Structures are given as structure tokens and as C-alpha cells.
Amino acid sequence: MTDPDAQLSLPGVVRAEARKAKAPPVKKPAAPAAVDPVAQVLVDVPLAHLDRAFDYTVPATKAEYAVPGARVKLRFAGQDVDGCVLARVGQSDHPGRLQPLRRVVSPEPVLSAEVADLVAEVAARYAGTRSDVLRLAVPPRHATTEKAPSPVFADPAVPVQPDRWSAYAGGRELIEALVRGEPARAVWTAAPGDDWPALLAEAVLATHRAGRGSLVCLADRRDVDRLDAALVERLGPGAHVVLTADAGPAQRYAAFLAVSRGAVRIVVGTRAAAFAPVRDLGLVAIWDDGDDLHAEPRAPYPHVREVLLLRAQRAGTAAIVGAHARSVEAEYLLRGRWAREVAPPREELRRRVAVSVTGDSAFDLARDPAARTARLPHEAFETIRAGLSSGPVLVQTPRAGYATRLACDQCRTPAECAVCHGPLRITDARRPPECSWCGVVADPWSCPECGGRGLRAPVVGERRTAEELGRAFPSVPVRTSSGDRVLADVPPKPAIVVATPGAEPVAPGGYAAVVLLDTWLLLARSDLRASEEALRRWTNAAALVGPSIGPDVAPARVLAVGEPAHPALQALVRWDHPGFARREIAERLTAHLPPASRVATLSGDEAELEKALAALTLPRGAEVLGPVPDGDGVRYVVRVPRRSGAELSAALLRLQAQRSARKEPHLRVQVDPVSLG
């Protein structure tokens, strides 16, 4: 009979007992913090059904650093993920045991309570998740920068000058209200030739004199640089920070920390600045709110104007929506009496600028029968020649490049590549035609329809235009500005500046004349906002003229080459942007289009969209339009009355949460997209 004790000497048993003996002791959970031991954390997980705060235990060793707004590491669904502490509380509603925070990445409170609430409201407004909005609001951490103290800026004792706004009806009253710290709201239409950065700087200074902070958002870096220079001139260096996404990680984070720590309360920037945690915020302002660069291209696609208006509404701050051309949304603010109009009187506009369209009278047509059909009619050359006698002349053309589209010069058939059927183009006067898709050179080329071998360019770019004008004015320098070769400014000397929309450089003292070419091309876009956008781009170019000083000085000349009867060109001729915006609103009210209605688009696989729409509980009065092709899938448009906008966003949020929980394919949802084309 085997001794029972002998069984312990078997090799397998010995190894098992040895493993048991070497097993590490179970760690006791760390003691929780004595005060507010529960952290409510927003976890960085972009899943709609997990878009809520989760409770975690704060270990006593981390209690000092896990402050509201701090970045933390935690265990979530079996993985280490990032998070941000929203609040510390005494107890949790969760019935089970809470996981402890793994690590406090940084004790720096980068998410203030005000911005956290704004993040939640923006996510709800645009049917997105808070983690997606948080990425827009808080820049990535830069540890070295965080360890350095933020400089303390001296308060500049500069007097406010309300008279700078006296040329505008209601302008002086606006500045005086800002000095008193009142929540004045204005839709400001800047006059042509005015130094709008200097006027915005005056509004910021007025707010600063009231002991409040300011936040100004602009569409691009060039506009930011202009306002930056105006603020330095008015307030001195160091009184404000510039916050843009294209700044380096260290520079951007340093500017963010200076604002977050309260060292500076004036912020200027692009989309990245819309969520800046400005303390004692007293003014939010946006310049050129119709520019599509203000629309965030990443989910949930918020628009800077709406973010700033939400902040103004929540915090009771002043707001300025400014531009040379009034957007439909800005006019809607006036229609609802949320804001008051600040604009120059009609007589002041007539004194500053005179706009005309080629061939807009029988006399012009008799003098030049090609005034409406020629790309560069005789009147355009006359305007350029007259302007060059006193300064630089701006010529705006919608397309960049040389000859971006070609056609047979006999039958007008579009010229295509024989290999891939892509459109042919010419990139330089010394190069043969080539395909814009595959790059194959088409030399020789013949028309498949009529056999013709000649080519014409119905659409030419700024380089071809500059070449033509250089031949017409051989003794005058010609400069171009477009694409990745954008000029910030040009000297105040006679020269021809050919630029694409949005790339027009500034001329000190303004341009002597402005010529707008190919106006039909901007109007030909298949989009709800084609006319509004065309008028905005023409106006921004025309507004760069020099200011007319004195009653005997003739107004600056602006000439548009196009169809005189088009409503957008007529609005430009009369400089009646408010009237044009009102007509657009009236038409959209009839057609149930934004901003009179709220709209959302759903894009993705057709079968998935049909299933999603069947599960979507829409508010009363909703309409579903579509589907229409959209890339590899389709797109539906959901339209509701404006009063039902919040219900539509909530319904879309529930749909995304349900699909996320079931791990169904993602659908792209955009609420109030800039374009429906």
C-alpha cells in the first residue's frame, strides 16, 4: 500500500506546490482619498453609447493631483485609456466596486467647468460625442511647456477711443456699452476701405477696460496676423495671445496655458480658439462668419459662429458678428432681434465705392458689343489703366493655375485624355496639354467629334490672366497670389495684382481699382449658397479699395465682368448686402431651407441608412429627402422646423448610441452642414 505522504514527492505535485509557494501576494486596494474620493471622468472613447461620465475611486496618494480638469489614465473595458476629470464628489451612484484611477498624467486643470458645459452643449447641438468635441477644445499636452511658468502680462493703461466707430450707425454706442461691461450684441457690416482689424482691436480694448476678457475668431492665419498687429499697436506686446492649430505643439500649448491660468484674457485665433478658457469672458467676436473655413471638418462638425453664440448666450457676454458681406445667418440674428445692426449710412457707402458691371447700359454695349461676352472687355482695360495712374490694381479671378479646362476651338467639345478620359489642361505657356488626372501628355491632340486640332481655354487661371495682362501693360509689374503662393501684402505702387478669391493681398492705403473677372464661374456652383458665397468673395475683394477722404475725392472704382441682371451682382452694385440677405431668407422660408429650418444629413451605405431611418424617431413635421449619390454610398437629408432642431439632434444622438451599442457600421451625421450641394 502506498504511503499517502509519498504522493507529495511526485514531480508534478512538487512543481505545483512550488508555484503556489511563489505566487505573488494579492495587493490590497489603495486607500481612497479622505475628501471627495470619487472622480467623475469623461473617458476618451468616441462611442456614442459610452458618452457619459464614469465614476472612479481617487486613491489617497493621487488626491492632491486628481483635480477637476486634470488629465488622467484609467482602466476601461480592459484597456488603459485617457480621460479628464469633470468633478470630485463624496459618493457614487454606482452600486458595485469602483476602479481606481491608474495615474494622474498632469495636475494641470486644462478643462474648466465653463468649457466642460460648453463641450456638452456643442456635442448635443451637433449630435456628436463629448470626447470628439474635447479634442477640439483642449490641445495635446506638451510636458516641457507645462513645467514652465506662464508670463504675467502688465495691464496696458490705454484710453478707449469710441470715435473710431463713429462712422457707423450704432457704432459709438456699441463701444460705450462694452466699456460699461454690458452684453451688447451686434451684427456689424464693415465699410469698404475701413481698417477692420483696428476697429475690432478697439472693441477688445473697450472690453478690457471693463475688466473682462475677449475672444475673437477669424477664418485664416492672414486675418489673424492683421488683428494681431492691430492689437500690438493698440495694447502693446504681450497683452494677448494667438491660438491657432497651425502653430507648433509647444507654442500652441503655451498660449493655451497662458489663457487657462488666467495670465492673459485676450485671445485671437482660428477655429482652434473657439473653446479657449478665457476667464471673465466679456466679448466673443467672429470676423467674416460666412467663410466656410469657420466650419470644423472633423466630427461633429461644429461651426465657430454657433459655438461663440452659445458661449455668449450661456455666459451673458457681448457678441459681435462682423463682415464686409452679411451672411444669411447674421441677418437672421437681426430678424429675431437677438442682435442690433451696426452699419455705415448709405451716403457714406456711396462716397467710398462705385461698383459697375460691364455692358450694364445700352451706351456701353454700343461702344463695346463684346462687353458682356468677352472675358477681358475694353472697359476692364480702361479701369485697370485708370487705376494704375494712382496705385495698385487688384484683379480677382476664380481659378488658380494656367488653363484649367480646354475645349475644341471649332465645336467646343471638352478636350479629354485619350487614355483615361480625364480633362486636359495646360500648366504653362511653354508646355503641351496634359491630363489633369493621369498626367499623360496629349501632343498631338485631335477632337473625336469634328477632327479639329485647335484648343481653346473657356476657363483660365490666374497665371494665364497675369500673362495676358502683362502683355497688355508691358511696363507694369504683375504679381500673382493663389494656392500655396499667397501674398500677405503688396507695396503701394502701381502694379497689377492677380489673385484668386481669399488670396487677395492687402495694399497699404488700399487699391486704386478692383476688377472682378469670370463672375459667372462663382455663380455656376451647384449649391444652396452659391449666390451668397459669390457675393461674399466679390465684396471682400472690393472692400480692399482705398478709402476716399474728402468730399471732392471720387469714390474707388470696382468693375465686375458678368451678367448685370443677376441679383447677386445687383446687390454688389448697390452695396446692399442686408437687402440681399433678407431676400435669401424669404426664399428659404418658402422652400423650408436653413436657417428657417434645421437640417441634418446622413451619409453611408444605402442599406444601413434605410435600416437607420426606419429606427429613427423624428419630431413632428420632419421630412426625409433622398437618397442621392454621395461618394461610395448615398446621402439622405432630414429637414424639420427650426423650433424642432433640438429634438432632431436628440433623436440622431439616440440613433448613434443604439448603433454604437450594437456595433453596427458608423454613419456620418452632420447637423446644419455649410453646404447641401
Side-chain angles (χ1 to χ4, degrees), residues 222 370 373-378 380-381 384-385 388 392-490 494-505 514-525 537 541 561-562:
R222 291 193 308 142
T373 57
R375 182 170 183 269
L376 279 165
H378 179 70
F381 286 103
I384 294 172
R385 186 176 293 106
L388 289 172
V393 175
L394 174 65
V395 178
Q396 184 197 73
T397 181
R399 288 289 175 88
Y402 191 79
T404 58
R405 289 290 186 272
L406 300 174
C408 175
D409 65 354
Q410 294 184 19
C411 67
R412 304 298 193 261
T413 299
E416 295 182 347
C417 173
V419 177
C420 71
H421 300 288
L424 295 185
R425 66 180 179 183
I426 296 177
T427 58
D428 190 272
R430 298 175 295 275
R431 294 176 60 87
E434 65 179 35
C435 178
S436 60
W437 290 359
C438 66
V440 171
V441 175
D443 188 21
W445 176 86
S446 63
C447 178
E449 295 295 326
C450 69
R453 295 184 177 276
L455 289 167
R456 67 186 300 271
V459 179
V460 300
E462 104 284 353
R463 281 190 287 139
R464 172 67 178 271
T465 304
E467 183 180 284
E468 294 176 0
L469 293 175
R471 288 196 297 264
F473 300 93
S475 61
V476 178
V478 180
R479 297 180 173 87
T480 61
S481 179
S482 70
D484 57 354
R485 306 184 312 278
V486 177
L487 303 176
D489 51 48
V490 293
I496 298 174
V497 181
V498 183
T500 52
E504 301 92 348
V514 175
V515 176
L516 308 172
L517 298 180
D518 300 330
T519 57
W520 64 270
L521 202 53
L522 288 178
L523 294 169
R525 293 172 57 232
R537 294 188 177 204
V561 181

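None of the values given here were measured: they were computed from a predicted structure.
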Can you name the nearest heavy-atom pair linking C438 to C420, along with the distance?
SG-SG, 3.6 Å
For P432, what residues pass the side chain to side chain contact (heavy atoms under 4.5 Å, CB included) criterion, not counting sequence neighbours?
V441, D443
V497 versus P505, closest heavy-atom pair with distance
CG1-CG, 3.6 Å
What's the shortest heavy-atom distance between W437 and G422, and which atoms?
CE3-CA, 3.3 Å
Considering residues at least two apart in sequence or located in another chain, which fulfil the side chain to side chain donor-acceptor pair (under 3.5 Å) criterion with E468?
R464
In Å, rounded to the nearest 0.5 Å, how long is the span from CZ of R385 to CD1 of I496?
9.5 Å
Does any non-hydrogen side-chain atom of C417 lie less than 4.5 Å from one of L424?
yes
Please check this pair: side chain of S481 against backbone of L487, looking for a donor-acceptor N/O pair closer than 3.5 Å.
yes
Taking the side chain as every heavy atom from C-beta outward, state whether L455 and P433 have any pair of such atoms under 4.5 Å apart.
yes
When rounded to the nearest 0.5 Å, the distance separating CD of E416 from CH2 of W445 is 9.5 Å
E504: side chain to side chain donor-acceptor pair (under 3.5 Å) partners, not counting sequence neighbours:
Q396
Contacts of E449 meeting side chain to side chain contact (heavy atoms under 4.5 Å, CB included) (sequence neighbours excluded), chain-then-number -> C411, T413, C447
With a 4.0 Å cut-off on N to O distance, would you call R471 and E467 a salt bridge?
yes
Considering non-hydrogen atoms only, spot the tightest contact between A495 and R479 and give its length.
CB-NH1, 3.3 Å
CG-CD1 distance between L469 and I384, expressed to the nearest 0.5 angstrom
5.0 Å
Going by heavy atoms in the side chains, are P377 and V561 under 4.5 Å from each other?
yes
When rounded to the nearest 0.5 Å, the distance separating CG of L394 from CG of L516 is 8.0 Å
Hey, could you give me the CG/CZ distance between L521 and R399, rounded to the nearest 0.5 Å?
4.5 Å
Contacts of S446 meeting side chain to side chain contact (heavy atoms under 4.5 Å, CB included) (sequence neighbours excluded), chain-then-number -> R453
Do the side chain of T397 and the main chain of E462 share a donor and acceptor less than 3.5 angstrom apart?
no
Taken in chain and number order and not counting sequence neighbours, the residues that satisfy side chain to side chain contact (heavy atoms under 4.5 Å, CB included) with R431 are T427, D428, E434
Grab the two heavy atoms, one from A499 and one from A503, that are nearest each other, plus how far apart they are.
CB-O, 3.9 Å
Point-to-point distance, once rounded to the nearest 0.5 Å, from OG1 of T500 to CZ of R537:
8.5 Å
Shortest non-hydrogen contact from V478 to A466?
CG1-CB, 3.7 Å
